[in-house]
Q: 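Here it is, the structure, as structure tokens.
What you see is a predicted model, and the numbers here were worked out from it, not measured in a lab. Below, each value reflects all heavy atoms present in this structure, side chains not excepted, and no hydrogens, waters or symmetry copies.
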Amino acid sequence: MTTTHGVVRVEHLTKSFGPVLAVDDLTFEIGPGRVTGFLGPNGAGKTTTLRMLLGLVTPTSGTATIDGRSYVDIPRPGRTVGAALEASSFHPGRTARDHLRVLAPQVGVPTRRCDEVLELVGLKDAARRRAGGFSMGMRQRLGLAATLLGDPQVLLLDEPANGLDPQGIAWLRSLLRYLAGEGRTVLVSSHVLSEVQQTVDDVVIIAKGRLVHASSLADLEALGRREGLARRSTLIASPDPARLARMVEERWPGRATPVPGRPDALLIADVTAAEAGAAAFAAGVEVHELVPGEVNLEEVFLRLTNGDTDAPSAPEVAA
């Protein structure tokens, strides 16, 4: 018997708003223990898909289920699914803690859970501050606290990094990784791949309401390499950095730059890993690490979402 615990499944999902086809025969599946990026340009149909998953919009056809059931059929859904589809509205006169205390009975959790989630999202010291004075980033954190009140297995987050500064984005990345590490299913929508690139395990990319790619992030990177979108540079590391530096400067003058925090390594521009490895071997330089240039995933994303129907796609994300 196939388990459905924590599985989000969209099958042949379609939604039309009059003549506008917002979601077009969309199918994908995600499972627990993973952070999945739900990606696409603005207007691609991401929010409409999430709203259908949450029973807020009725599909024209197809199904959207969580744990094998439609959202409306889940008893006490706040204990199963936590969702943040937009920046939440808060009563400006209520404190952060009071905002959560109003929600707690609806979700079915005790008041002490409010303090637990405030600490989890970094708002413990602001618990007694009125929400009306919160910055956008703090409002995002409070919205996430509300999402986590019921200790849900599944999290559906629409553009959660909006309004966060770089420090806040780093904090969000750590939080989502922690939640997935607990075995939860985490779906994060974004229209900017670079915003979630260091966070996600898998990607589901849509454009004009249709699926254009679904795979692990590693498979997306492999696609970029096949498409020739890897930056032509190589990181090379040696236990003898002085000898390595001399070899590189003699072979490729002016092309090497230091790697921050890596005194044993250099980054060589316009040189492939094969070329660097061969040169080190010929010079008798011991090499402990040889890493080809990173794939420009944003370029892969743009190619996929610009209607490049010739771009290959990977198999559907497995649960």
Side-chain angles (χ1 to χ4, degrees), residues 33-37 39 161 166-167 169-174 176-178 180-181 188 190 192-205 212-306 308 310-315 317-318:
R34 313 280 287 179
V35 179
T36 300
L39 307 168
Q167 182 180 6
I169 291 173
W171 162 81
L172 177 65
R173 182 181 304 132
S174 298
L176 297 182
R177 298 298 328 156
Y178 167 77
V188 183
S190 178
V192 182
L193 175 58
S194 58
E195 188 175 75
V196 298
Q197 183 175 337
Q198 297 181 57
T199 306
V200 303
D201 303 296
D202 303 313
V203 292
V204 173
I205 303 175
V212 295
H213 183 91
S215 76
S216 67
L217 187 67
D219 284 346
L220 183 64
E221 291 174 343
L223 169 62
R225 294 189 190 283
R226 292 196 302 271
E227 294 291 299
L229 298 177
R231 297 186 182 93
R232 198 168 183 268
S233 61
T234 296
L235 181 146
I236 184 170
S238 171
D240 189 346
R243 190 174 181 187
L244 173 66
R246 287 195 299 273
M247 182 274 291
V248 171
E249 184 59 25
E250 289 172 2
R251 182 69 178 79
W252 298 289
R255 295 198 204 174
T257 55
V259 178
R262 293 289 307 273
D264 64 328
L266 292 171
L267 187 66
I268 315 172
D270 297 320
V271 173
T272 67
E275 291 168 340
F281 179 78
V285 176
E286 183 178 351
V287 172
H288 283 186
E289 194 173 352
L290 199 59
V291 182
E294 294 180 355
V295 175
N296 187 341
L297 287 183
E298 200 64 40
E299 180 64 24
V300 180
F301 174 71
L302 290 173
R303 287 198 185 190
L304 288 168
T305 56
N306 279 341
D308 183 2
D310 293 327
S313 59
V317 176

Q: Any idea which heavy atoms bring A269 and S233 closest together, and the distance?
A: CA-CB, 4.2 Å
Q: Please identify each residue that fulfils salt bridge (charged side-chain N to carboxylate O under 4.0 Å, His left out) with E289, with sequence neighbours left out.
A: R262
Q: Would you say the side-chain atoms of D264 pair up with the backbone N or O of P241, donor to acceptor, closer than 3.5 Å?
A: no
Q: Just how far is it from atom CG of L266 to atom CG of L244, taken to the nearest 0.5 Å?
A: 5.0 Å
Q: If I compare all heavy atoms of G33 with all of D201, which pair ends up nearest, and what's the gap?
A: O-OD2, 4.3 Å
Q: Please check if the number of heavy atoms outside Q198 that lie under 6.0 Å from its CD is greater than 12.
A: no
Q: Which residues pass the salt bridge (charged side-chain N to carboxylate O under 4.0 Å, His left out) test with E286, not counting sequence neighbours?
A: none
Q: What closest approach, in Å, do V271 and R255 show between heavy atoms, and which atom pair accounts for it?
A: CG2-NH1, 3.7 Å
Q: To the closest 0.5 Å, what do you measure between CZ (R34) and CG (L176)?
A: 14.5 Å
Q: I'd like to know whether L223 forms a side chain to side chain contact (heavy atoms under 4.5 Å, CB included) with V300, so could you lay out the CA-CA distance, the side-chain angles of the two residues, the decisive distance to 0.1 Å, and finally the verdict.
A: CA-CA 8 Å; L223 169 62; V300 180; 4.1 Å; yes
Q: Mind checking what makes side chain to side chain donor-acceptor pair (under 3.5 Å) contact with S190, not counting sequence neighbours?
A: E195
Q: According to salt bridge (charged side-chain N to carboxylate O under 4.0 Å, His left out), who are the partners of E275, at least two apart in sequence or on a separate chain?
A: R232
Q: S238 and V285: which non-hydrogen atoms are nearest, and at how many Å?
A: OG-CG1, 3.8 Å
Q: How far does CG of L220 sit from NE2 of H213, to the nearest 0.5 angstrom?
A: 4.5 Å
Q: Give, for atom CG of D202 and atom CG of L217, the distance between the pair rounded to the nearest 0.5 Å.
A: 8.5 Å
Q: According to salt bridge (Lys or Arg N to Asp or Glu O under 4.0 Å), does anything in residues 233-244 pair up with another residue at least two apart or in another chain? List the pairs.
A: none
Q: Show which side-chain atoms of residues 276-283 pair as donor or acceptor with protein atoms under 3.5 Å away, not counting sequence neighbours.
A:
none

Q: Tell me whether R246 is salt-bridged to E250, with the criterion being a basic N under 4.0 Å from an acidic carboxylate O.
A: no
Q: How close do V203 and S216 get, heavy atom to heavy atom, and via which atoms?
A: CG2-O, 4.4 Å
Q: If you measure from CG on L304 to CG on L39, what distance do you get to the nearest 0.5 Å?
A: 10.0 Å
Q: Locate the shortest heavy-atom distance separating I268 from I236; write the atom from each residue and the value.
A: CD1-CG2, 3.7 Å
Q: Quick one: CG on L267 to OG1 on T234, what's the gap to the nearest 0.5 Å?
A: 8.0 Å
